[in-house]
2 protein chains.
Amino acid sequence: MDDTKRTPAPKDRNAAPLGPSVRKPGSALTITDVADFAGVSKKTVSRVLNREPMKATTRAKVEAAIETLGFVPNAQARALAFRKNFVIVLFIHDSTSPMAMTFQRGVLSAIGDSELALAVRPVNRESPELLSEIETFLARQKPMGAIFLPPLSERDDIGEMCQRLNVKYVRVGSAQLDMMSRSVWSNDREAVMGAVRDIVALGHTRIGFVRGPKGFLSAREREAGFRQALVSAGLTPDETLFADGRYTFDSGLAAGQALLSLPQPPSVIFASNDSMAAGVVRAAHEKGLRLPHDLSIVGFDDGPVAVQLWPSLTTVHWPVIEMGVLAVHKLVPETLPAGEDPAALPSMVASSLIRRESLDAPVR
Amino acid sequence: MDDTKRTPAPKDRNAAPLGPSVRKPGSALTITDVADFAGVSKKTVSRVLNREPMKATTRAKVEAAIETLGFVPNAQARALAFRKNFVIVLFIHDSTSPMAMTFQRGVLSAIGDSELALAVRPVNRESPELLSEIETFLARQKPMGAIFLPPLSERDDIGEMCQRLNVKYVRVGSAQLDMMSRSVWSNDREAVMGAVRDIVALGHTRIGFVRGPKGFLSAREREAGFRQALVSAGLTPDETLFADGRYTFDSGLAAGQALLSLPQPPSVIFASNDSMAAGVVRAAHEKGLRLPHDLSIVGFDDGPVAVQLWPSLTTVHWPVIEMGVLAVHKLVPETLPAGEDPAALPSMVASSLIRRESLDAPVR
DNA sequence: TCAAAAAAAGATACCGGTGTCTATTTTAAT
DNA sequence: ATTAAAATAGACACCGGTATCTTTTTTTGA
């Protein structure tokens, strides 16, 4: 009989009864295993992982162990010790928005194959709990940075809350929304002004305008640019040529139908975004108009539809992808290509008109 | 021996030299603070957080403390202790793909405001490192589940790797790709067959077909359904009416131009997805054809373009959002509405034709 | 050559939770 | 009322890393 049969206190994991080094392949490895294998301490392995200065021979020894064992550090443990999760959160208002999806592409490309992860979190702007929902998410996740897309980005209280929680953030918009280091924007207003200048230069004088939803800064900026450009061109804004829209295809269709039913319809319609421009295109087609001969149409965004429409849409290119890249670079300067200066990052990316088929001179 | 109960441990963090209860608001709170406030142990607070059965009065006391202090548990610490991160990873091949973006909407809606987070990770299918890239990401993040979209989902080795790492996964496709509990799919083939049946019923006999890229199961399924339906209808597939495409607008345009330049062009063209259908629409417009009078066009996906085109596109609705919801429910049954049975979840969501303007009977 | 200074590696506490086992109550049974 | 059984709460180790401080090794200076 074996007298050592009884195991009184097997709480040490080294005393596991399953035999020596029984572990699942891959993920069960820890830094301790690597340290044992390399014959060094945990801390030394940690130094290698964090690229701290150390003796080359020791580093090589540890790196060889990591390579041999196929060790991958546990992100949660690092996050806990660092008190920072290697994650960037993208807060979006509407997961349907093409802008958000495009922006996300920019974010992903900037993240590349770094160890950063992207978390996407939709929140409802209408909710009275909005702020506390975001705060809870941030407190729970402790991300490296947070990005707020319009129209969330337009709330100042969100920025203040992030500062209180000590979370880096970037607000994205159509004009500067925060201090430079915390915002990324495009010059929607100037871009529209440039577009209208081109439209006027072609000879148009009756220019219809489809507004975006009131709550969006981009909508206000674009309308402001439009009006400003008209005045600069010596034209008087005609309020009957303005129609309301909600950045949706349907609202653009309705607006187009309204504008085209006027006794004196415009010779060109500027829609505040591409979806609405597509609606206007349809309204024109329904009326049997030939585009751009009978009606020119200009949009804003340069989203995927722009080239898929017939005729292809002249539209202001909104550099959403570039803004996404920029936002990540601002939040995590380490994502910058080697040698680039974080302090030299721009904050504004210019929008500008892309000429396609849907814009031509008016028939006289 | 133990008369001196006082523990003189000065290294306790309560001995911080910054004065009494000096801590940043919100995020610095820990479970210990709550326990002290409520006059219970850490473990008891943990029990409340995890909704374990306990005495109602104790629970109320702790909940009051949590509420009063505004405590939010640290996700990384939980993840470390649980050895599971409360995250779902969505692996996508191409962050440009409208399908991926739409699917993501479904995932987000299923996640809702639960404590799950969505992480999006693009990977390059062409890369020889693909498998190890995914493996490293999974080993690092230890997510609750992983979702693979086409064409990544079509690789069996990825599924095997996930099982090895003990990560739950779902493969999404146009036909079953794995065991039921691990895949979500739609019946693309049957849906195309149904669509073609409708097309034939209108009197069409010369039906053009624009293929998708070879590497995609969906492309093969859709073509197979198309051919099968022709045969069922007593028609012989005419190889000259098949054109290659790559699921892009440009490739659809080129395919449309080719098919419409045939000596005997088809009276209807079925494109394997909407982007290519949009290209065909343009090709038709360029040729001066009136749609659908001179040419009918049918797509597949029912993406955002479908309704924005002129004429609006008759297309097979691909239930991508529903598949996204389903995938999450399969990975984390807790996301199901109360009372629903996880075992009763379907795995297939049917696609079916949506009639819009672009399909009509041929002129005879 | 040997001690002092600098650099490298190690030991151990700690991040903020959960799991296990033990101590204490509460409830049930005699 | 007393005790056994069941339910509840607590103590403490542990998850897998990093930070701090100490020890050891290497380098430098006299």
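Chain letters run A, B, ... following the sequence lines, proteins first, then strands; residues in each count from 1.
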Per [X] side chain, nearest of listed nucleotides [options]:
X: Arg83(B); options: dC15(D), dG17(C), dG19(C); value: dC15(D)
X: Leu80(A); options: dA11(D), dG16(C), dT18(D); value: dG16(C)
X: Ser41(B); options: dT18(D), dG17(C), dG10(D); value: dG10(D)

Open item on the list: Closer than 4.0 angstrom, basic N to acidic O: yes or no for Asp156(B) and Arg171(B)?
Closed with: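 A salt bridge links Asp156(B) with Arg171(B).
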
Task: Lys/Arg-Asp/Glu bridge criterion (N-O < 4.0 Å) met for Glu133(B), Arg121(B) - done: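 No.
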
Hey, does the side chain of [X] come within less than 4.0 Å of [N]'s phosphate (OP1/OP2), counting only N and O?
X: Thr44(A); N: dG10(C); answer: yes
X: Arg78(B); N: dT18(C); answer: yes
X: Asn74(B); N: dC15(C); answer: no
X: Ser46(B); N: dT18(C); answer: yes

To the nearest angstrom, how far is [X] atom [atom1] from [N] atom [atom2]?
X: Lys84(B); N: dG19(C); atom1: NZ; atom2: C1'; answer: 18 Å
X: Lys142(B); N: dC15(D); atom1: NZ; atom2: C1'; answer: 11 Å
X: Gln141(B); N: dG17(D); atom1: CD; atom2: P; answer: 13 Å
X: Lys61(A); N: dA8(C); atom1: NZ; atom2: C1'; answer: 11 Å
X: Met54(B); N: dT26(C); atom1: CE; atom2: C1'; answer: 15 Å

Open item on the list: Does atom CD (Glu126(B)) have a neighbourhood of more than 12 heavy atoms from anything else shown, all under 6.0 Å?
Closed with: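 More than 12 heavy atoms, drawn from other residues, nucleotides or ligands, come within 6.0 Å of this atom.
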
- [ ] Give one of base, sugar-phosphate or nothing for Val40(B), where a contact means two heavy atoms less than 4.0 Å apart.
- [x]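 Sugar-phosphate contact only.
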
Open item on the list: If you apply the rule salt bridge (Lys or Arg N to Asp or Glu O under 4.0 Å), what do you find for Arg155(B) with Glu160(B), and how did you get there?
Closed with: CA-CA 9 Å; Arg155(B) 292 183 50 151; Glu160(B) 290 157 12; over 6 Å; no

Open item on the list: Which is more 5' along DNA chain D, the nucleotide nearest Lys55(A) or the one nearest Arg47(B)? Just name the residue.
Closed with: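 Nearest-nucleotide comparison on DNA chain D picks Arg47(B).
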
- [ ] Could you say whether Lys42(B) or Lys43(A) is positioned toward the 5' end of DNA chain D, judged by the nucleotide with the nearest heavy atom to each?
- [x]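 Taking each residue's closest nucleotide, the earlier one in sequence belongs to Lys42(B).
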
Open item on the list: Within this structure, what is the CZ-CG distance for the pair Arg105(B) and Leu108(B), rounded to the nearest 0.5 Å?
Closed with: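 Atom-to-atom, Arg105(B):CZ and Leu108(B):CG are 9.5 Å apart.
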
Task: Closest-nucleotide ordering on DNA chain C, the 5'-leading residue of Gln76(B) and Glu52(B) - done: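 Its nearest nucleotide lies further toward 5', so the answer is Gln76(B).
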
